[in-house]
Protein chains: 2
Amino acid sequence: MGKERVTVIDIAHAAGVSKSTVSLVLQASPLVNEVTRAKVNAVIRELGYVYNRGAANLRQSNSKSKIIGIVVNDLTNSFFAELAVGVDMVVQSAGYVQFLANTAESVDRQREVIASMREHGISGLILSPARGTEAADLKSLVASGIPVVNVVRQVAGAKVSSLVSDNHAGVSAAVRHLAGLGHHRIAFLGGFPDTAVFSERLQGYRDALSDMDLAVHDELVVSSAPSRAGGVAAIERALLLRERPTAAVCFNDAVAFGVCDGLRAHRLDPGEDFAVIGFDDVIEAQTAVPALTTVSVDPQGMGRRAAQLLLKQINAGRAEAEAIVSSVRLVVRQSCGSASDKRERLSLL
Amino acid sequence: MGKERVTVIDIAHAAGVSKSTVSLVLQASPLVNEVTRAKVNAVIRELGYVYNRGAANLRQSNSKSKIIGIVVNDLTNSFFAELAVGVDMVVQSAGYVQFLANTAESVDRQREVIASMREHGISGLILSPARGTEAADLKSLVASGIPVVNVVRQVAGAKVSSLVSDNHAGVSAAVRHLAGLGHHRIAFLGGFPDTAVFSERLQGYRDALSDMDLAVHDELVVSSAPSRAGGVAAIERALLLRERPTAAVCFNDAVAFGVCDGLRAHRLDPGEDFAVIGFDDVIEAQTAVPALTTVSVDPQGMGRRAAQLLLKQINAGRAEAEAIVSSVRLVVRQSCGSASDKRERLSLL
DNA sequence: GAAGATAATTGGAACGTTCCAATTATGTCA
DNA sequence: TGACATAATTGGAACGTTCCAATTATCTTC
């Protein structure tokens with residue numbers, strides 16, 4: 001049953017009008033009379049018609065496909081999952097649907113999925129580029145006029161819009177906060193050193209230390225995978241130092257959680273015995289114990305803004321690339337053990 | 001630049017063959033001569049041709065659109081993020097691309113996104129239905145012959161395949177394990193009571209208690225949102241009981257983590273002072289401190305299997321619905337404080 | 001070298017929609 | 001009522017592909 005599909009012609013026939021009129025109704029054109037519109041709509045419902053966007057898209061320009069692509073480098077990281085949710089929200093309510101693909105940091109896979117998305121005629125692309133992505137990888141895509149918004153990571157030399165958080169300012173604020181609490185040996189933990197994001201955050205760390213007249217010890221920056229497991233590994237190594245750090249700002253929240261885990265494995269109480277600050281502010285940051293002090297970038301909000309930027313460019317037809325750096329704020333919670341937080345915690349018990 | 005697209009006709013012209021031949025080449029047909037194939041492929045690369053699946057799909061049956069839809073009820077839960085990654089893996093390597101949408105438990109939104117996906121001609125759908133989804137919601141979809149695989153949750157009366165984990169056996173095993181460790185007052189924490197998954201798990205809890213000759217106290221089952229925050233709330237309430245539980249099996253890992261957080265807020269050490277067992281085995285379960293004892297369902301593997309099942313049905317044309325319940329195993333780690341684990345932990349220090 | 005088989009190629013119709021130009025119906029005004 | 005404007009509707013071409021039936025080129029075999 002239900003083998004052959006219902007087309008606009010079937011509707012036209014059943015409603016006693018022409019296919020052109022039905023098409024007009026589908027597009028909510030003001031040219032069609034109210035009563036015919038009602039009749040056509042009734043028939044549409046009655047016959048269970050489903051619009052064929054593929055056919056429509058064939059006739060129209062590609063930018064009306066109502067598909068946007070989003071490719072992220074690591075969906076198992078909740079930062080990106082939330083980013084995707086944010087994108088999905090605005091994209092859905094604009095009547096679009098999103099192709100989501102995960103590259104797991106593989107540029108090969110990234111190339112494949114972008115090619116596949118192009119074949120399907122995406123109207124635009126939101127991309128968190130895999131490590132090692134080069135401007136050349138995006139060249140033909142932008143040449144074809146498809147708007148692209150890079151998020152989280154930039155690609156040097158690519159003529160596309162980008163939306164990144166203010167990494168330098170965020171880490172700076174975190175370091176200054178720790179220094180203000182009296183910490184002298186502050187570590188920078190986690191992250192792959194060959195990424196722009198890492199460089200920016202590290203620079204923020206170094207600059208803030210200088211600002212606060214603290215020495216910069218290279219042994220205190222230990223890189224690792226930007227994951228929970230990476231955080232465990234990083235703190236393990238940091239605790240091996242002859243002169244241990246007393247605080248750390250972490251590459252991201254996942255690393256920070258791993259650091260807390262690693263501390264506990266050493267019978268150290270994060271927040272009490274060791275201060276840790278994250279970066280991202282994923283949802284668990286609030287509910288974790290201790291609640292994580294972190295640089296809030298609001299991943300969902302970032303997804304929403306990226307989607308809005310992309311939709312703007314799609315609607316504008318040909319839009320120039322703009323680079324937005326999204327401001328960021330330090331959210332002080334329990335994991336850095338500030339005096340005020342200690343009071344707060346005691347009053348809770 | 002790059003405004004008008006390159007079509008199969010342009011290729012044909014440039015290669016000195018007919019569009020039919022180019023089409024044959026695109027489909028890797030054995031009918032075409034090696035040397036012409038090579039020439040055509042060269043021209044394709046040279047002109048930067050991109051295949052238009054929309055057009056192809058117009059001519060072919062819907063099942064060749066190479067798009068599958070996946071809609072989940074809560075992507076911010078890492079269980080579903082990992083499920084999506086699993087689906088993506090097999091789907092990508094089969095040359096498909098996935099529409100991913102998040103419903104946030106809204107059946108309205110779910111209806112919208114499914115409708116939108118149909119308009120785009122998905123070949124199949126993997127659905128983790130939002131709470132309150134009814135068989136009627138899927139009726140027209142299955143009537144149109146599009147294969148659907150429900151994951152995680154079933155929809156009563158819907159004629160679609162499903163892949164769920166063995167909830168009863170999983171919770172049973174968890175309860176028996178706790179009882180074996182000497183616990184008498186075992187709570188069941190978290191989850192919305194109006195779902196089939198909840199009922200199944202609760203039944204597993206009750207049956208196992210009976211098996212072990214333990215009394216079933218209704219006050220020991222406290223429902224809540226199946227999230228980290230819900231876990232905090234649930235354990236708060238459980239600790240208010242005149243006679244406190246000493247152990248809990250939780251609706252899922254998110255709840256279990258929340259329960260650990262809540263315990264710590266009360267200066268109770270999860271694993272030492274109170275045993276907790278989760279359900280799902282998300283990646284953090286291994287690296288968390290204490291590592292979470294949990295019923296492992298391997299979300300990525302589940303995603304992969306769901307995708308394989310769906311692809312099988314797509315290729316088979318018309319396939320009958322099959323209900324698979326995926327077996328499940330208890331992974332004992334630190335959070336339930338078994339004797340052997342205590343030894344293990346001590347040896348670590 | 002004629003006949004038949006096989007290999008390779010091809011033009012044209014079809015898929016379901018949109019858009020344009022053209023047509024018909026309806027209203028307004030002197 | 002005729003002339004004109006406006007409102008509503010319409011047929012046909014086009015989008016880029018696939019598929020069928022038909023054609024042409026190349027082999028075999030006697």
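Computed from heavy atoms alone, side chains included, the values below leave out hydrogens, waters and symmetry copies. Residue numbers begin at 1 in each chain, while the letters A, B, ... track the order of the sequences.
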>> Under 3.5 Å, is there a donor on one side chain and an acceptor on the other for Ser123(B) and Ser65(B)?
In response: yes

> Between Ser128(A) and Asn73(A), does any side-chain donor sit less than 3.5 Å from a side-chain acceptor?
Replying inline: yes

>> Determine whether Ser93(A) and Arg109(B) satisfy the following criterion, side-chain contact (heavy atoms from CB on, under 4.5 Å), listing intermediate values before the conclusion.
In response: CA-CA 9 Å; Ser93(A) 48; Arg109(B) 183 145 260 196; 4.2 Å; yes

>> Under a plain distance cut-off of 3.5 Å, with no hydrogens placed, do Arg131(A) and Thr195(A) share a side-chain donor-acceptor pair?
In response: no

> Which whole-number value in Å describes the distance from Asn57(A) CG to dG16(C) C1'?
Replying inline: 12 Å

> CD1 of Ile9(B) versus P of dG11(C): gap in Å, rounded?
Replying inline: 11 Å

>> For Gly16(A) and Arg53(B), find the nucleotide of DNA chain D closest to each by heavy atoms; which residue's nucleotide sits nearer the 5' end?
In response: Gly16(A)

>> Looking at Arg59(B) and dT18(D), is any side-chain donor or acceptor paired with a base atom of the opposite kind under 3.5 Å?
In response: yes

Can you check nucleotides 5-9 of chain D for protein contacts, nitrogen or oxygen pairs under 3.5 Å, and list what you find?
| from | atom 1 | to | atom 2 | distance (Å) |
| --- | --- | --- | --- | --- |
| dT9(D) | OP1 | Thr36(A) | OG1 | 3.2 |
| dT9(D) | OP2 | Asn33(A) | N | 3.1 |
| dT9(D) | OP2 | Thr36(A) | OG1 | 3.2 |

> Over how many whole Å does the gap from Gln60(A) atom CD to dT18(C) atom C1' extend?
Replying inline: 6 Å

> For Glu119(B) and dG16(C), what is the distance between atoms CD and P respectively, to the nearest whole Å?
Replying inline: 15 Å

> Tell me: CZ of Arg5(B) to P of dA14(D), nearest whole Å?
Replying inline: 18 Å

> From dT18(D), dT17(C), dC15(D), pick the nucleotide closest to the side chain of Leu58(A)?
Replying inline: dC15(D)

> How is Ser23(A) classified with respect to the nucleic acid when contacts are heavy atoms under 4.0 Å: base, sugar-phosphate, or nothing?
Replying inline: base

>> Enumerate the salt bridge (charged side-chain N to carboxylate O under 4.0 Å, His left out) contacts for residues 26-39 of chain B, please, sequence neighbours excluded, ordered by first and then second residue.
In response: Glu34(B)-Arg37(B)

> Rounded to whole angstrom units, what separation is found between the NZ atom of Lys19(B) and the P atom of dT18(D)?
Replying inline: 10 Å

>> For a quick check under 3.5 Å, do Gln154(B) and Asn150(B) share a side-chain donor-acceptor pair by atom type?
In response: no

>> Between Gln27(A) and dT17(C), is there a contact of a side-chain N or O with OP1 or OP2 at under 4.0 Å?
In response: no

>> Rounded to whole Å, how long is the line connecting atom NE2 of His13(B) with atom P of dG16(D)?
In response: 15 Å

> Taking atom C1' of dT17(D) as reference, at what distance in whole Å does atom CD1 of Ile11(B) sit?
Replying inline: 13 Å

> So, Ser20(B) versus Ser23(B): side-chain donor-acceptor pair below 3.5 Å or not?
Replying inline: no

